[in-house]
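Taking it in order: structure first as structure tokens, then the write-up.
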Amino acid sequence: QIQRALRSLSIPLERLHIMKGHMMQDMCKGLSRQTHAQAKVRMLPTFICSTPNGTEKGNFLVVELCQSQVRTVLVTLYGDGNMSPHMMYKIFELPEGITQGEGEALFDFIAQCVSQFLAETFSSDTNSSEQRLPLGFVFPFSCQQTQLDKAELLSWSKGFNCSGVVGKDVVQMLQLAINKQQLAHVEVVALMNDTVGTLMTCSTEGRPCEVAIVADKGSNSCFMAEAFLVEITEETSGRMCVNTEWGCFGDDGTLNDVFTPYDESVDVESSNPGEKRFEKMVGTLYLGEIVRHALIALTAEKAIFSGTNTAVLKEKGVFTMQHLLDIINNEDGITDVRRILEVLGLQANERDCGRVQQICRAVVGRAATLHATGLAAILSYMCQTRDIESLMVNVGMEGELAMGYPRFEEILLSVSRLLSPECMATVLPSKDGSGRGAAMVTAVALRLAAQRRAVDEVLAPLRFSLADLEKVQALMKAEMERGLCKETNANASVRMLPTYVTHTPDGTERGDFLALDLGGTNFRVLVVRVTEDGITMASEIYVIPAAIMQGTGEELFDHIIDCIIDFQTKQNLVTQMLPLGFTFSFPCQQVGLDKALLLTWTKGFSASGCVGQDVVQLLREAAKRKRHLGMQVVALVNDTVGTMMACGYDDPKCEIGLIVGTGTNACYMEEMKNVGTVEGDQGRMCINMEWGAFGDNGCLDYLFTHFDQVVDETTINPGKQRFEKLISGMYLGEIVRQILMAMTEKQLLFQGKPSPKLQTKDIFKTKFLSTIELSNGLALRQIRAILNELEIDATFEDCVLMKEVCQTVSLRAAQLCAAGMAAVVEKMRENRGLDQLTVTVGVDGTLYKLHPRFSDNLQKTLKELAPKCNVTFLLSEDGSGKGAALVAAVANRTANAME
Ligand code: ADP
Ligand code: MG
């Protein structure tokens with residue numbers, strides 16, 4: 001009979017494996033938004049997103065509500081790695097009946113304890129009552145927390161049942177009670193349960209503790225989970241400590257087959273039958289009861305205590321945990337066991353004593369094994385969700401069972417290792433988790449708040465309100481008007497260049513057209529066939545040797561004609577005379593659709609004899625020299641205009657072009673009567689804004705940050721293209737790099753250790769912003785890969801902060817772009833005297849196309865800034881090829897129409 005009892009109390013390994021699996025499933029259920037409310041293992045978010053790093057310092061007050069006491073603790077941290085905090089305690093007994101009375105009375109009592117404790121502790125030091133004193137509140141009941149300092153009580157337990165508290169914010173209740181005591185300088189900044197405190201005490205510098213187990217009267221655990229998995233909170237970056245509330249594991253029946261009749265009896269006699277099934281197998285509040293029921297059963301079966309009076313076994317609670325531990329820990333003989341039983345009123349012979357000891361060992365050993373199974377579930381879950389092959393982790397532990405039962409740690413480690421061989425846990429026993437740990441939580445909360453303030457201070461100048469953006473919009477509008485007006489054009493930062501493109505495609509264009517694309521990444525020749533059924537294209541990339549780029553203008557344009565002849569020959573187009581659109585991506589002063597003076601070469605070109613010349617003429621002369629008659633240059637096209645035209649063919653409402661790539665620029669259809677720099681008042685003309693130079697006259701100086709100044713100074717054109725330098729792909733990575741360096745210097749990143757590589761110009765690519773901003777918890781590995789490349793040793797929290805920096809910089813870029821665009825669409829709307837304008841923007845550029853948030857941010861901001869405009873963005877394909885051909889096609893159509 002004894003053997004049968006012992007067997008029922010030992011759970012085979014295969015069964016533990018299954019149990020671990022169930023626990024992991026329940027953890028997922030608790031974290032998922034859909035199933036959280038019904039989940040037995042609640043997985044409550046704690047809003048604690050960091051563990052101590054040892055720099056915390058100052059005075060922290062802790063109040064802990066215990067079973068029958070209120071404990072007050074004053075902890076002083078010295079910023080020394082939390083190695084030797086100074087602590088002062090005082091314990092107050094709870095008055096009779098208060099745990100069943102009114103909630104307000106309970107909180108008033110707690111506040112009185114605080115008041116009395118402070119009066120005694122600070123009696124000699126009068127000043128300190130003026131200083132703000134942060135308080136951490138340890139409240140070991142199940143709460144739905146929505147912030148670190150906001151938590152609604154879900155239900156009382158452990159014999160508490162005060163009225164008017166369930167569903168209320170207990171932090172607020174405590175703060176109000178404290179304020180009544182004239183202690184307004186005491187501020188409740190954090191609420192936590194004891195498990196979280198344990199996790200926090202065990203963390204010291206360079207050794208974070210990420211799991212904690214409290215094996216005490218009840219049982220619970222917590223661990224650092226990836227924040228994005230905690231679906232019921234908004235938090236998506238970083239990690240958050242989750243309070244598992246695993247005591248309720250098994251309440252849906254998953255533990256029924258391991259429940260013994262003794263467990264059933266304990267459950268039935270408890271105040272909450274059917275609930276907290278796991279806790280009732282492992283909590284020290286219950287272990288003595290399990291033993292008692294086992295002994296009752298064995299006595300009835302006459303397997304033990306025969307012939308003695310066992311009436312005492314009917315008394316609930318006769319076996320305390322201390323009795324069990326004394327019985328178990330008594331290795332040398334049974335005299336002490338007999339003495340303990342005798343004190344309880346049980347006459348035991350030698351065999352009885354041995355059997356009682358065996359039963360006690362089985363019950364307590366089982367409790368340790370079940371804790372190990374729960375731990376294994378947490379470890380495997382962490383390992384899986386962090387997408388790593390093996391996990392090394394520190395586990396803090398505390399509680400009567402953990403500390404009093406010498407084999408607890410050994411069982412915890414060996415069993416969890418069997419169940420989760422991929423994980424390696426190290427146990428760190430915690431001393432006074434709820435006192436010291438609560439102080440740590442409070443201190444970490446304040447450290448994070450201070451860090452947050454410092455980060456915000458750095459990033460604040462890059463963050464814009466709607467009013468800030470409206471001001472940029474107004475400035476852009478003013479600059480546009482200055483640029484359009486003949487008298488002020490010379491001093492405007494936005495050049496507003498006429499393009500002599502007067503119509504966008506209407507879909508009736510037909511024919512074959514040539515296009516040249518010079519000045520982009522490749523030199524290309526294209527043929528674009530516009531038919532009733534749509535557009536088809538063929539193209540060829542040609543190389544321009546460096547010697548020709550830097551030779552004479554004649555050589556350059558002769559080479560271009562050679563390429564065209566080669567292309568037309570290959571395409572069987574030599575016999576026709578084709579209209580040609582020429583995308584020439586260099587700064588030009590256009591004086592006609594087919595007449596443009598080169599202002600200066602860029603991008604490595606320096607062919608002599610071209611600056612100041614009409615490039616269309618240069619191309620025509622070369623054709624003449626080569627006796628090539630198969631083409632007729634009809635238009636010189638800027639790539640922004642090409643972008644608008646390419647989209648305009650698909651969408652007649654497309655009257656704006658936008659580029660956000662290496663640089664940024666925009667064009668739009670303006671009323672001729674507003675274009676002071678070109679004769680004539682009829683119709684419209686496309687204006688190449690050259691908005692990248694917005695602000696070059698100083699009108700944006702007020703919004704440049706220190707980082708923008710530094711980036712500008714290190715470019716080849718300081719003081720020029722200032723708007724572009726806030727927005728486009730060539731610069732965003734550099735701005736981020738400057739911020740990262742400044743934050744490192746302020747000790748906000750990388751432990752203040754600068755990486756030599758990060759000092760290198762252009763090492764932080766704009767495409768990194770896309771990767772980093774796209775990453776969620778799992779993909780933080782990709783951030784790590786980028787950082788490895790930069791030889792930066794980053795913690796998890798560094799990665800989270802880097803992501804915020806990238807988001808801030810790319811958001812600002814999108815918002816400024818939107819402010820510029822808002823000025824354009826609003827001007828068009830006003831020009832046309834419309835209440836509502838519907839218009840399409842043709843867009844090109846890799847930053848716009850590949851950045852995960854840029855286009856959304858741009859469109860959202862534009863809606864706010866120009867609510868009367870209904871703007872659609874259409875991605876353009878090949879503005880400089882197809883678009884240039886369409887400029888030629890439209891010119892052809894309108895010329896024919898005139899005839
Ligand atoms: P261009 O403007 O010269 O025609 P693109 O439109 O291709 O060229 O833009 C190139 C710019 O796009 C580069 O400055 C680069 O920093 C940026 N870029 C490249 N890849 C990405 C990406 N994945 N996310 C954001 N920006 C990118
Ligand atoms: Mg481009």
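This is a predicted model, so every value here is computed, not measured. Indexing begins at 1, ligand by ligand and atom by atom, following the structure's order. We're numbering straight along the sequence, starting at 1.
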Met730, portion touching ligand 1 at heavy-atom distance under 4.0 Å: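 For Met730, only backbone atoms sit under 4.0 Å from ligand 1.
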Strictly below 4.0 Å, N to O, side chains only: are [X] and [Y] in salt-bridge contact?
X	Y	result
Asp708	Lys725	no
Lys720	Asp696	no
Arg463	Glu804	yes

Can you list the atoms of ligand 1 that are under 4.0 Å from a heavy atom of [X]?
X	result
Leu850	22 (C), 23 (N), 24 (N)
Gly661	2 (O), 6 (O), 9 (O), 11 (C)
Gly845	6 (O)

Contact check: Gly729 vs ligand 1, nitrogen or oxygen atoms, below 3.5 angstrom: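 Yes - when backbone and side-chain N and O of Gly729 are compared with those of ligand 1, one distance drops under 3.5 Å.
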N or O pair under 3.5 Å between Thr662 and ligand 1: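 Yes, there is a polar N/O contact under 3.5 Å.
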Charged tip of Lys849 within 45° of Phe854 ring normal and under 6.0 Å: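 Cation-pi check for Lys849 and Phe854: fails.
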Listed pairs under 3.5 Å, donor-acceptor, residues 536-550 side chains, sequence neighbours left out:
| residue | atom | partner | partner atom | Å |
| --- | --- | --- | --- | --- |
| Tyr542 | OH | Asp566 | OD2 | 2.7 |
| Tyr542 | OH | Phe567 | N | 3.4 |
| Gln550 | NE2 | Gly604 | O | 3.4 |

